[in-house]
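I have placed the structure first, in the form of structure tokens, so that the comments after it can refer back to it.
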Amino acid sequence: MTNDPGPDREQLEREVYRKVVTIRFAELRIRDHVEKEGFGGFWHPGIGQEGLQVGAVSAMQDDDYLYYAHRGLGYAFAKGMPLEPLFGDLLGRASGSTRGKGGGTVHFADASRHVLGQGGTLGSSFVMGAGTAAASQLLGDGRVTVVFFGDGASGRGTWHEAALQASVWKLPVVWICENNGWALSARFTEQSPTEHVADRAPAYGMPGVIVDGQDAMAVHDATAEAIDRARRGEGPTLIEAKTLRIRGHYEGDRQPYRDDPVLGDEIPNDPVHRLGESIPDDVRRGIDAEARTQVEQAFDAALAAPRADRSVIFEDVWA
Amino acid sequence: MTNDPGPDREQLEREVYRKVVTIRFAELRIRDHVEKEGFGGFWHPGIGQEGLQVGAVSAMQDDDYLYYAHRGLGYAFAKGMPLEPLFGDLLGRASGSTRGKGGGTVHFADASRHVLGQGGTLGSSFVMGAGTAAASQLLGDGRVTVVFFGDGASGRGTWHEAALQASVWKLPVVWICENNGWALSARFTEQSPTEHVADRAPAYGMPGVIVDGQDAMAVHDATAEAIDRARRGEGPTLIEAKTLRIRGHYEGDRQPYRDDPVLGDEIPNDPVHRLGESIPDDVRRGIDAEARTQVEQAFDAALAAPRADRSVIFEDVWA
Amino acid sequence: MTTTPVTTGTTGATDRVIGYSRAINEALAEEMRRDERVWMMGQDIGRLGGVFGLTRGLQEEFGPMRVRDTAINETFIVGGAAGAALAGTIPVVELQFADFLFTAADEIFHKLAKWRYMHGGQFTLPVVVRLPSGVVGGAGAEHSQSLETIAMHVPGLKVAVPATPSDAKGLLKAAIRDPDPVLFFEHKGLYRVKGPVPESDEHVVPFGSARVARAGNDLTVVATGLMVDRALAAAEQLAPQGIDVEVIDPRTLVPLDIDTIVASVERTHRLMVVHEASRTAGFGAEIATQVQERAFFSLDAPVWRVCGTDTPLPQDPELEQACIPSTDEIVAAARALAAI
Amino acid sequence: MTTTPVTTGTTGATDRVIGYSRAINEALAEEMRRDERVWMMGQDIGRLGGVFGLTRGLQEEFGPMRVRDTAINETFIVGGAAGAALAGTIPVVELQFADFLFTAADEIFHKLAKWRYMHGGQFTLPVVVRLPSGVVGGAGAEHSQSLETIAMHVPGLKVAVPATPSDAKGLLKAAIRDPDPVLFFEHKGLYRVKGPVPESDEHVVPFGSARVARAGNDLTVVATGLMVDRALAAAEQLAPQGIDVEVIDPRTLVPLDIDTIVASVERTHRLMVVHEASRTAGFGAEIATQVQERAFFSLDAPVWRVCGTDTPLPQDPELEQACIPSTDEIVAAARALAAI
Ligand SMILES: Cc1ncc(C[n+]2csc(CCOP(=O)(O)OP(=O)(O)O)c2C)c(N)n1
Ligand SMILES: Cc1ncc(C[n+]2csc(CCOP(=O)(O)OP(=O)(O)O)c2C)c(N)n1
Ligand SMILES: [Mg+2]
Ligand SMILES: [Mg+2]
């Protein structure tokens with residue numbers, strides 16, 4: 001999908017809207033579940049950040065590789081994963097993409113859709129992503145790897161090692177920082193000597209692009225350009241999408257560490273509204289209704305699915 | 001020691017010369033020993049890089065902390081360590097600063113002179129140095145920590161983690177990169193997307209200073225300024241001293257990986273000559289003779305010293 | 001399945017019943033009051049008081065310089081602590097999960113463990129690394145491991161594995177006063193468990209002294225961390241069946257009080273080691289081996305192990321419980337061993 | 001003291017006598033010829049041919065993209081290999097020293113070991129990490145360790161410890177063909193040792209099959225790496241004294257061929273494990289424990305260990321040799337054990 005004006009663009013915008021609004025309903029459904037039923041583990045809501053996630057992934061080709069971050073499901077859904085296995089992972093169901101075992105709030109994967117998963121240690125996908133891109137370069141398969149990460153994760157040393165090597169080798173990789181201003185209880189401004197993560201790009205001889213993360217199409221366009229550049233063999237790009245962490249670090253986090261007012265349910269610069277503006281009301285309502293149904297059905301199906309059997313514990317240690 | 005013009009400056013220059021020429025003789029004596037007697041372990045010669053090592057350390061106060069790098073003895077000698085324990089470490093003697101045990105080519109230390117040692121894994125002193133500086137900040141002891149490292153080591157992730165934190169906390173630490181253009185068989189240009197290591201300083205919100213590493217006094221001045229800045233509480237500085245690796249990675253390295261002519265014994269822009277120019281011939285000859293004698297005596301004494309007893313193996317595991 | 005919090009140990013005259021978390025928090029506060037050189041750093045330990053709440057209130061009392069929030073930089077947290085120790089301070093640092101020692105492994109296993117040795121004993125490295133450890137409920141393969149055996153294998157590190165509030169406090173105070181680096185494995189599953197803790201600023205539990213949590217004559221069970229309570233529960237079930245179990249908690253793995261264990265086995269003639277860490281090459285093997293080295297002819301049966309599975313830990317909270325020893329498994333194994 | 005290179009194993013009809021290094025180099029070349037997806041990265045492995053010369057000539061044959069020099073970035077070397085495996089290639093990477101696995105520990109013990117598991121078996125990670133291991137002469141505390149036990153304790157990694165040129169070649173070929181991640185511990189002290197190697201592109205030694213290096217009836221000695229030759233030398237000294245030693249080299253620790261070891265002990269009734277790794281919580285404890293678990297009543301004496309000291313390794317080449325088992329120590333221990 002490229003950045004054409006005209007009918008293609010309109011279709012793209014609608015598709016991005018459809019995915020963003022679907023994820024929004026999914027986010028709300030999960031929140032509801034966590035609040036009412038409790039939940040084994042932590043859920044890191046991506047609400048408010050769906051626009052940038054979907055916008056960026058919509059610029060990827062089907063066989064491009066994705067390493068997502070821990071905030072929500074937007075990335076994976078945008079890459080084509082159906083909702084049911086995603087919810088299944090979340091709820092520890094055998095129907096999860098990881099068969100209810102490795103799943104939960106941060107791990108899901110879809111080899112057929114090149115959704116490669118996530119590590120529990122922040123920043124481990126910097127080096128993995130660079131390695132995936134090195135394989136593509138070696139094989140000449142024309143694929144690009146996209147790696148999402150938070151502003152907090154940008155401080156890990158793996159970034160430095162991966163970014164230097166990726167730049168020197170001109171690897172086909174695109175780094176997308178979701179800068180929501182917080183890393184757990186720490187403000188970005190307390191963790192970074194520079195105003196922007198993108199300010200670090202020149203150190204790595206790569207372009208650094210700052211984009212409004214609430215503007216899904218702007219993120220799409222910036223990502224499309226970076227992916228083109230990567231595919232042309234010109235190396236990596238660092239994109240910083242400015243966004244907001246609407247809820248706490250995890251669902252239920254009361255954020256006692258904040259000295260400013262905690263955000264309410266109102267999402268400033270809401271990507272859903274922003275995308276919706278250019279879509280005729282009736283079309284939009286149709287999309288919304290369908291998305292809502294899709295989410296409800298998938299969530300119900302996941303809830304109804306059996307939990308994984310204990311035997312899976314011993315599976316998949318070895319190939 | 002500060003950067004005054006006039007008689008103080010002249011005295012400083014002579015002192016720097018004395019130390020540089022002493023280290024040069026030491027380097028030549030060690031080379032001779034390695035060539036003739038062989039040697040347990042590897043010796044990474046610092047020949048040609050002595051000027052920057054001594055120049056920088058001469059800007060430190062006695063109680064400032066030093067983490068040196070693996071290329072030679074210049075740093076430690078400049079910080080006041082006598083030659084004999086340094087040679088003792090090299091030769092595995094009980095008279096070594098580490099009592100012949102942890103010693104060898106890369107480890108020596110002198111707690112009383114705040115020579116804190118070195119790790120065998122490159123780049124481990126980035127984080128340790130920042131931590132030492134954090135302790136000074138906490139204690140308010142007014143001390144500055146100086147960390148030396150090679151261009152190759154600059155690629156390690158520990159740099160990123162240490163440099164970001166040191167900058168945000170405004171820690172009193174000065175980073176000195178000896179860029180000799182090589183990391184073992186790899187050229188710096190193959191390891192870095194930017195022309196200079198100092199190009200990375202803005203990413204960390206700190207000044208990046210490039211200085212001619214063969215000009216000991218220029219390195220002294222740059223370091224003095226950075227140390228002043230650090231002591232004033234304004235945070236870290238990254239100094240890149242451009243230098244040359246005169247011998248191979250280790251003494252005996254035939255450098256089969258080089259496609260350009262290997263440097264001979266002639267040291268381009270030799271710091272010894274450069275410093276010597278402003279010193280009257282007779283004074284210089286006096287210093288040289290004394291330095292030569294000092295080196296010979298210390299090396300002989302180290303050779304004559306007993307090897308460490310096996311019992312030391314079990315000492316110093318626990319305090 | 002998860003055991004519900006229980007109270008362990010006997011209550012002395014001056015004891016209060018407090019939680020394991022609270023005990024750790026008190027140890028930190030008391031030691032920071034006692035010695036100005038003690039300070040802390042880690043992620044979210046200051047304003048938030050730690051992801052598990054362990055450091056709550058400490059930044060208020062000691063200020064942001066002595067309770068310092070870092071960025072996400074485990075190599076700095078540990079390596080920086082090593083460097084700060086060289087400059088005369090006593091850093092007590094927290095990694096959010098014990099598993100993250102792998103993100104600072106060079107700093108832990110090389111710098112902390114070997115710096116003193118490599119430099120001929122010129123320095124001491126009085127660093128404590130606090131490591132929330134073990135299975136706790138859906139945290140997954142990289143946030144739930146019990147990695148204390150690795151620290152036991154690499155010389156130069158002391159290793160504490162407290163199982164009760166009293167030991168958590170007393171061992172942490174000992175760790176902070178120790179001139180050597182200490183890896184302090186706190187079990188996340190014990191944070192809310194309450195127990196008696198002496199009312200004293202000088203409640204210091206020396207390293208290398210095992211605790212006999214229950215005396216018995218038929219079978220010695222060595223257990224640590226969360227497994228101590230399960231072993232005790234198993235012992236209570238076994239007693240009416242005529243199997244009198246002695247439960248020993250070594251409390252520290254380095255140094256290890258093997259004498260107490262051997263003396264017990266010389267009476268009971270049977271030994272079982274229970275640990276949450278994965279079985280193969282876990283510390284159970286070391287204890288088993290030392291005991292048969294020193295008391296082979298006292299053993300009436302092989303030393304057995306009841307351990308975590310040799311698999312990564314699944315993220316699902318139910319499945320992960322099936323990967324670590326339950327009281328039932330301990331009971332069954334003990335019965336079988338006693339019958340040999 | 002260092003042993004001089006010796007030839008081990010019996011020479012078959014089609015064997016050539018080549019060095020351990022050469023055997024590794026051949027395995028790499030043959031596998032890269034066989035399968036285009038196989039490639040390598042690491043520091044100085046290309047133009048230089050590796051700091052120990054192991055990859056000499058490979059960049060010339062396979063070009064700079066398949067034999068790729070990296071910067072000093074161990075997390076990328078290992079983590080990048082994991083990512084490259086997910087994209088359908090088979091990376092064989094080198095860390096310059098096995099000790100450096102601590103600088104990439106999250107990548108080894110979390111990413112390589114657990115990625116497949118965490119993601120429900122959707123991926124395989126056919127990665128080989130080559131790890132020059134052990135004491136070799138003045139390399140110091142962070143360049144000389146034997147760390148294979150740690151890899152054995154963390155589920156998800158296969159572990160090879162070849163002791164002969166033939167096994168070095170055959171196990172490396174097996175490792176490259178294995179769909180699972182393999183940590184391949186090459187002993188630096190063996191690089192120059194020569195031995196017979198079959199003349200075949202299909203000389204593949206399966207993982208999990210121990211080698212009986214010497215048959216004997218009185219005492220079983222399990223040894224790996226550099227210790228195999230010392231154990232064999234000890235056996236030769238002990239034979240005329242009437243002690244007939246069986247020497248078993250497990251060759252891989254994961255999977256471990258415990259059956260062969262147990263069967264031997266059931267004949268000899270005595271076991272000693274010899275390893276260079278530090279004693280406490282080393283793999284000797286695991287082998288000892290498994291043997292007494294499975295063959296307790298066959299044992300006439302405790303299982304003994306002869307191991308590296310529980311200290312960091314001093315940098316001095318003479319002192320470091322005093323930290324690892326010598327042939328003399330093995331002889332002395334075996335005599336004492338046989339006399340129990
Ligand atoms: C190496 C490592 N250190 C610490 C953590 C604990 N942790 C999980 S999420 C998080 C904050 C991440 O912040 P950021 O990267 O900005 O992502 P966000 O949560 O804001 O989306 C922390 C500290 C971890 N998972 N891995
Ligand atoms: C973490 C780590 N990786 C690799 C090595 C092996 N090694 C030792 S010196 C060296 C090259 C260092 O180059 P540089 O930092 O530029 O210093 P120089 O030798 O040029 O002074 C390498 C790769 C090491 N010691 N530590
Ligand atoms: Mg964030
Ligand atoms: Mg260099």
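Here is how names work: the chains are called A, B, and so on, in the same order as the sequence lines, proteins then strands, and each is numbered from 1. Small disclaimer: the values here were computed from a predicted structure and weren't measured. Every heavy atom of this structure was used, including side-chain atoms; hydrogens, water molecules and symmetry mates were not.
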request  = Would you indicate whether the side-chain heavy atoms of Thr70(D) and Trp169(A) approach each other to under 4.5 Å?
outcome  = yes
inquiry  = Is Val312(A) close to chain D through its backbone or its side chain, or both, or neither, when contacts mean heavy atoms under 4.5 Å?
reply    = backbone
ask   = What is the distance from atom NE2 of His110(D) to atom OG of Ser124(A), rounded to the nearest 0.5 Å?
value = 9.5 Å
inquiry  = Strictly distance-based, threshold 3.5 Å: is any side-chain N or O of Gln122(D) a donor or acceptor partner for the main-chain N or O of Ala109(A)?
reply    = yes
ask   = When heavy-atom pairs shorter than 4.5 Å are enumerated against chain D, which of Asp110(A), Asp141(A), Thr132(A) gives the highest number?
value = Thr132(A)
message = Could you report the tightest heavy-atom contact between Trp39(D) and Ala134(A), atom names first, then the distance?
response = CH2-CB, 4.2 Å
query = Looking only at atom types and distance, does a side-chain atom of Glu36(D) sit under 3.5 Å from a main-chain N or O of Leu139(A), one as donor and one as acceptor?
reply = no
query = Which heavy atom of Gln165(A) sits nearest a heavy atom of Ala71(D), and at what distance?
reply = OE1-N, 2.9 Å
inquiry  = Rounded to the nearest 0.5 Å, what separates atom CD in Gln137(A) from atom OG1 in Thr89(D)?
reply    = 12.0 Å
remark   = Looking only at Ala133(A), Ala166(A), Ala111(A), most heavy-atom pairs under 4.5 Å shared with chain D are made by Ala111(A)
task = For Leu86(D) and Tyr67(A), work out which heavy atoms get closest and say how close.
result = CD1-OH, 3.6 Å
ask   = What part of Val115(A) gets closer than 4.5 Å to chain D, counting heavy atoms only: side chain, backbone, both or neither?
value = backbone
request  = Measure distances from Leu157(D) to the heavy atoms of chain A and classify the residue's part below 4.5 Å as side chain, backbone, both or neither.
outcome  = backbone
inquiry  = Keeping Trp115(D) on the side-chain end and Leu116(A) on the backbone end, is there a donor-acceptor pair under 3.5 Å?
reply    = yes
ask   = Can you name the one residue among Arg116(D), Lys114(D), Met118(D) that meets side-chain contact (heavy atoms from CB on, under 4.5 Å) with Asp316(A)?
value = Arg116(D)
task = Hey, could you give me the CG/OG1 distance between Asp106(D) and Thr158(A), rounded to the nearest 0.5 Å?
result = 8.0 Å
request  = Tell me, out of Gly83(D), Ala81(D), Pro155(D), who's got the most heavy-atom pairs with chain A below 4.5 Å.
outcome  = Gly83(D)
His119(D) side chain to Ser97(A) backbone, donor-acceptor under 3.5 Å = no
task = Under the side-chain contact (heavy atoms from CB on, under 4.5 Å) rule, what do Thr121(A) and Lys111(D) come out as? Steps first, then yes or no, please.
result = CA-CA 9 Å; Thr121(A) 45; Lys111(D) 305 295 102 74; 2.7 Å; yes
message = Tell me if the centroids of the rings in Tyr117(D) and Trp318(A) come within less than 6.0 Å of each other.
response = no
inquiry  = If I measure from the heavy atoms of chain A, does Val93(D) come under 4.5 Å with its side chain, its backbone, both, or neither?
reply    = neither
message = Looking at every non-hydrogen atom in both residues, tell me the closest pair between Met65(D) and Leu138(A) and how far apart they are.
response = O-CD1, 3.5 Å
remark   = Given Val168(A), Ile313(A), Thr145(A), the one with more heavy-atom pairs under 4.5 angstrom with chain D than any other is Ile313(A)
Within 6.0 Å of CZ in Arg37(D), more than 12 heavy atoms from elsewhere = no
ask   = Just how far is it from atom OG1 of Thr103(D) to atom CD of Glu161(A), taken to the nearest 0.5 Å?
value = 7.5 Å
